[in-house]
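Every chain is numbered from 1 and lettered A, B, ... according to where its sequence line falls, protein lines coming before strand lines.
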Number of protein chains: 2
Amino acid sequence: MISADVQSLASDLSVAVVRLTRHLRGRRSDSPISLTQLSALSTLRREGSMTPGLLAARERVQPPSMTRVIASLSELGLVERTPHPTDGRQIIVTPTPAGRSLVDDENSAREAWMTDQLGILGDHQIQVLRDAVDIINSIVNETE
Amino acid sequence: MISADVQSLASDLSVAVVRLTRHLRGRRSDSPISLTQLSALSTLRREGSMTPGLLAARERVQPPSMTRVIASLSELGLVERTPHPTDGRQIIVTPTPAGRSLVDDENSAREAWMTDQLGILGDHQIQVLRDAVDIINSIVNETE
DNA sequence: TATTGTTATACTCTATAACTATA
DNA sequence: TATAGTTATAGAGTATAACAATA
């Protein structure tokens, strides 16, 4: 039963996270920034200042998409754009104190052990994902 | 460490699923239907024919959004719209054989134990979600 | 009058293609 | 020429508001 059909898990997980994302985006009207903005700002908070191109790669979006996100965060005073010291083509995006504290409000300090050590998925991790799909579904279904 | 800060887990999970969704939507260019369409079609496959209003509720979208999804699935020949037998206001959306087999191709038969028995989250389930965030992140980061 | 579904309209997120400036 | 970032444009997904048909 464990490592039987990984393909169906992928499909179930896809559907589950799509619904959860829908849910999360909808329920953030009380927050000052969108999930897209928070995700980018969190990466800057965690990994430090970087260029738009690198941030786009980290967030798995194309550069023009990140240009927009950065512009919106800049308008909100959450990041600053400064020239690159040696390369005139590049710029450096840095979170402002307001941006950092906003991430700290939304995220917590528990960040360390979540960002590294990857590896090939084993049976145990697959089982964890299976359970997680159920849990995600239960969360979505319960929050009527 | 277990039930310490559920809030930070929620934030981490949000960011993780947003990135995974981005990833999944982008990588489905080989599939004939989008994740949004697959999710609705899967629900019809699992729960049977239903009205657009009920399907919208199941999928956690508003009725006008579901109208669009159903129209697109209908154009592809994956669902059919038939009049409600007694209530002239309602219609019944039914997956066609092509729609059912498409879901079967994408999903597998392992569906039973994933749809029911919900409950309040316990320490173990929270830990599962924490691990799942790492696994999701590792998947996203590895599929360079 | 209340309900179901649809149409009209708009906003967010994301992409590709084309452009500008610098290396 | 190649690279970094931006602008222009388009499409998918979703929402709210207004409408039509039926109960």
Qualifying residues under side-chain hydrogen bond (donor to acceptor under 3.5 Å, both in side chains), relative to B:R89, sequence neighbours excluded: B:D87
side-chain hydrogen bond (donor to acceptor under 3.5 Å, both in side chains) against B:T43, all qualifying residues, sequence neighbours excluded: A:R19, B:E59
Could you tell me the separation between the [atom1] atom of [X] and the [atom2] atom of [Y], rounded to the nearest 0.5 Å?
X: A:L54; Y: A:S49; atom1: CG; atom2: OG; result: 11.0 Å
X: B:L102; Y: B:R45; atom1: CG; atom2: CZ; result: 11.0 Å
X: A:S39; Y: A:I33; atom1: OG; atom2: CD1; result: 9.5 Å
X: B:R81; Y: B:I92; atom1: CZ; atom2: CD1; result: 13.0 Å

Grab the [atom1]-[atom2] distance between [X] and [N] for me, whole Å please.
X: A:M66; N: D:dT7; atom1: CE; atom2: P; result: 16 Å
X: A:L54; N: D:dT3; atom1: CG; atom2: P; result: 16 Å
X: A:M50; N: D:dA4; atom1: CE; atom2: P; result: 15 Å

Checking the side chain of B:S42 only, and the main-chain atoms of B:L38 only, is there a donor and an acceptor separated by less than 3.5 Å? yes
Side-chain donor/acceptor of B:R100 to backbone N/O of B:P95, under 3.5 Å: yes
Determine all donor-acceptor pairs shorter than 3.5 Å in which one atom belongs to a side chain in residues 70-80 of chain A; sequence neighbours excluded.
{"unit_1": "A:S72", "atom_1": "OG", "unit_2": "A:Q37", "atom_2": "NE2", "d": "2.9"}
{"unit_1": "A:S72", "atom_1": "OG", "unit_2": "A:V69", "atom_2": "O", "d": "2.7"}

Contact residues, residues 70-91 of chain B to DNA chain C [heavy atom, < 4.0 Å]: B:R81, B:R89, B:Q90, B:I91
Flag yes if A:I91 and A:L44 sit in one hydrophobic cluster, no otherwise; membership is Ile, Leu, Val, Met, Phe, Trp, Tyr, and two members link when side-chain heavy atoms are under 4.5 Å apart. no
Which two nucleotides bound the region of DNA chain C that has atoms under 4.0 Å from heavy atoms of chain B, read 5' to 3'? C:dT3 to C:dT14
Between the protein and nucleotides 11-14 of chain D, list the N/O to N/O atom pairs that are separated by less than 3.5 angstrom.
{"unit_1": "D:dG13", "atom_1": "OP1", "unit_2": "B:S34", "atom_2": "OG", "d": "2.9"}
{"unit_1": "D:dG13", "atom_1": "N7", "unit_2": "B:R68", "atom_2": "NH1", "d": "3.3"}
{"unit_1": "D:dT14", "atom_1": "OP1", "unit_2": "A:R22", "atom_2": "NE", "d": "2.5"}
{"unit_1": "D:dT14", "atom_1": "OP1", "unit_2": "A:R22", "atom_2": "NH2", "d": "3.3"}
{"unit_1": "D:dT14", "atom_1": "OP2", "unit_2": "B:T36", "atom_2": "OG1", "d": "3.4"}
{"unit_1": "D:dT14", "atom_1": "O4", "unit_2": "B:R68", "atom_2": "NH1", "d": "2.9"}

